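Only one structure is covered here, and it is reproduced in the block below.
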Amino acid sequence: MKKDIFMVREKKERLVIGLMSGTSADGIDAVLTRITGNGLDIRVEEQAFLFLPFPAEVHERIIRVAGGSYGGAEELCKLSNYLGQQYAKACVMLCEQAGIATADVDLAGNHGQTVWHMPKTAEYLKAQVRGTLQIGEDAYIAEALGCPVVGDFRVRDMAAGGLGAPLVPYVEYLLYRRTDKTVALQNIGGIGNVTILPRDCTLDQVTAFDTGPGNMLIDAFISQMTEGQKTYDENGAIAAGGIIHKGLLGYLMEDPYLKIIPPKNTGREYYGREYLDRICEYSRAQGIEDVDCLRTITRFTAESIAYGLRHFTGEYPDQLIIGGGGSHNPLILADLADCLPGCAILTGEDVGYCSDSKEAVAFAVLASEAVSGNCTNVPSVTGAAAAVVCGKITQ
């Protein structure tokens with residue numbers, strides 16, 4: 001029997017799948033969680049996790065569409081339905097890995113694939129419009145699992161006047177807050193984003209914002225540098241062979257985005273091809289070797305994080321917990337330790353969590369909270385006029 005939203009709402013313990021495909025567009029993170037309770041009483045146990053990589057041609061197609069000038073209605077329709085099928089495939093594979101039937105799953109939360117994010121108001125048809133677009137049809141997941149799916153989380157916050165991001169801080173507040181330490185959680189995906197939880201804080205005391213580029217510029221440069229033979233710098237090994245060019249780093253640190261006071265967020269529409277082209281133009285003019293340019297771009301990720309923490313946090317964190325793909329890059333971790341003396345640099349594993357599944361877990365929790373009727377945006381973070389229940393339900 002297929003589950004509906006009312007059946008799931010009555011359950012105090014739920015098996016929930018969370019799905020995330022981020023700005024890097026490298027694939028789908030899928031996590032199976034057991035969630036008990038809700039709100040401040042919530043408990044989350046990770047049961048299984050898998051990563052379903054996108055083939056190179058899919059990655060390339062997403063990047064082109066997300067550039068804003070490629071494709072039209074037909075392309076978006078095809079890509080959205082294709083991705084919906086891939087999310088459903090990841091769910092089925094995850095259930096097989098966990099040794100459970102798809103019918104055992106109570107709920108799924110799907111972030112979808114962001115192809116455009118427009119937090120600033122623009123004039124359109126003589127009106128002022130902001131918006132965000134995440135694609136990947138949730139109906140395929142609902143059909144594969146026979147349970148409700150919560151997706152398209154960001155637009156409700158934007159309708160309430162918020163930036164639509166970041167949304168993960170609500171979950172981080174539930175799971176990571178401490179009474180004795182100020183904790184900062186830094187995700188390093190395509191974009192870097194940080195959440196600061198002051199010791200013994202309330203939800204309205206949480207600060208969060210996008211710090212700038214995470215892996216996006218590193219990945220794009222290494223792909224260009226190797227003529228497509230590599231799509232990322234594994235363990236920072238190639239960058240480690242270069243030296244930091246002070247002139248280029250100074251040029252990068254003049255980035256206007258870094259100086260914007262939160263609430264703020266950004267994405268591929270800002271740190272995309274044109275941004276990389278400007279870096280390459282500067283490097284050529286200065287005669288900078290490719291490996292040194294890569295090393296400097298890598299350092300820029302750490303420096304931009306440190307800049308945000310120094311300038312926009314009320315209390316310097318006791319520890320910085322790194323998640324996302326950047327947590328596997330020892331060069332970035334070493335740079336962060338150098339940029340943030342006195343702050344313990346940790347990964348999710350150091351505090352009992354999985355760095356790779358962190359954001360997928362967040363969308364499992366956000367789905368479960370939405371079903372429970374709990375508001376899940378943080379107005380002090382997004383700038384929304386009010387707390388709202390985020391997510392659309394497909395069943």
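Sequential numbering from 1 along the given sequence is applied to the chain's residues. Values in this document were obtained by computation on a predicted structure and should not be read as measured data.
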Residue among F153, Y170, Y87 satisfying ring pair (Phe, Tyr, Trp, His ring centres under 6.0 Å) with F363: F153
Does [X] reach the main-chain N or O of [Y] with its side chain, forming a donor-acceptor pair under 3.5 Å?
{"X": "Y271", "Y": "G214", "result": "no"}
{"X": "Y257", "Y": "D210", "result": "yes"}
{"X": "N377", "Y": "A386", "result": "yes"}
{"X": "E369", "Y": "C375", "result": "no"}
{"X": "D255", "Y": "L252", "result": "no"}
{"X": "D292", "Y": "G242", "result": "no"}
{"X": "K230", "Y": "T226", "result": "no"}
{"X": "R130", "Y": "M158", "result": "yes"}
{"X": "Q113", "Y": "G22", "result": "yes"}
{"X": "N215", "Y": "I188", "result": "yes"}

Around atom [atom1] of [X], are there more than 12 heavy atoms from other residues, nucleotides or ligands closer than 6.0 Å?
{"X": "Q286", "atom1": "CD", "value": "yes"}
{"X": "Y124", "atom1": "OH", "value": "no"}
{"X": "R43", "atom1": "CZ", "value": "no"}

Can you label the angle between the Y251 ring and the Y282 ring as parallel, tilted or perpendicular, going by 30° and 60°? parallel
In L276, L294, D290, D219, the residue satisfying side-chain contact (heavy atoms from CB on, under 4.5 Å) with Q224 is L276
So, are [X] and [Y] salt-bridged, with charged N and O less than 4.0 Å apart?
{"X": "K78", "Y": "E74", "value": "yes"}
{"X": "D233", "Y": "R295", "value": "no"}
{"X": "K392", "Y": "D152", "value": "yes"}

Without hydrogens or angle criteria, can the side chains of [X] and [Y] be said to hold a donor-acceptor pair below 3.5 Å?
{"X": "D204", "Y": "T202", "result": "yes"}
{"X": "S380", "Y": "Q205", "result": "no"}
{"X": "T33", "Y": "E46", "result": "no"}

Smallest heavy-atom separation, I62 atom then A25 atom, equals CG2-CB, 3.7 Å
Between G84 and I141 the two heavy atoms that sit nearest each other are O-CG1, 4.4 Å
To the nearest 0.5 angstrom, please state how far the [atom1] atom of [X] sits from the [atom2] atom of [Y].
{"X": "T211", "Y": "I305", "atom1": "OG1", "atom2": "CD1", "result": "4.5 Å"}
{"X": "L79", "Y": "Q86", "atom1": "CG", "atom2": "CD", "result": "10.5 Å"}
{"X": "K2", "Y": "C147", "atom1": "NZ", "atom2": "SG", "result": "10.0 Å"}

Go through the steps for R154 and H111 under the test side chain to side chain donor-acceptor pair (under 3.5 Å), then give the verdict. CA-CA 9 Å; R154 300 191 182 277; H111 173 268; 3.0 Å; yes
Candidate pair K12 and D41, rule salt bridge (Lys or Arg N to Asp or Glu O under 4.0 Å), full reasoning: CA-CA 11 Å; K12 294 182 178 179; D41 298 323; over 6 Å; no
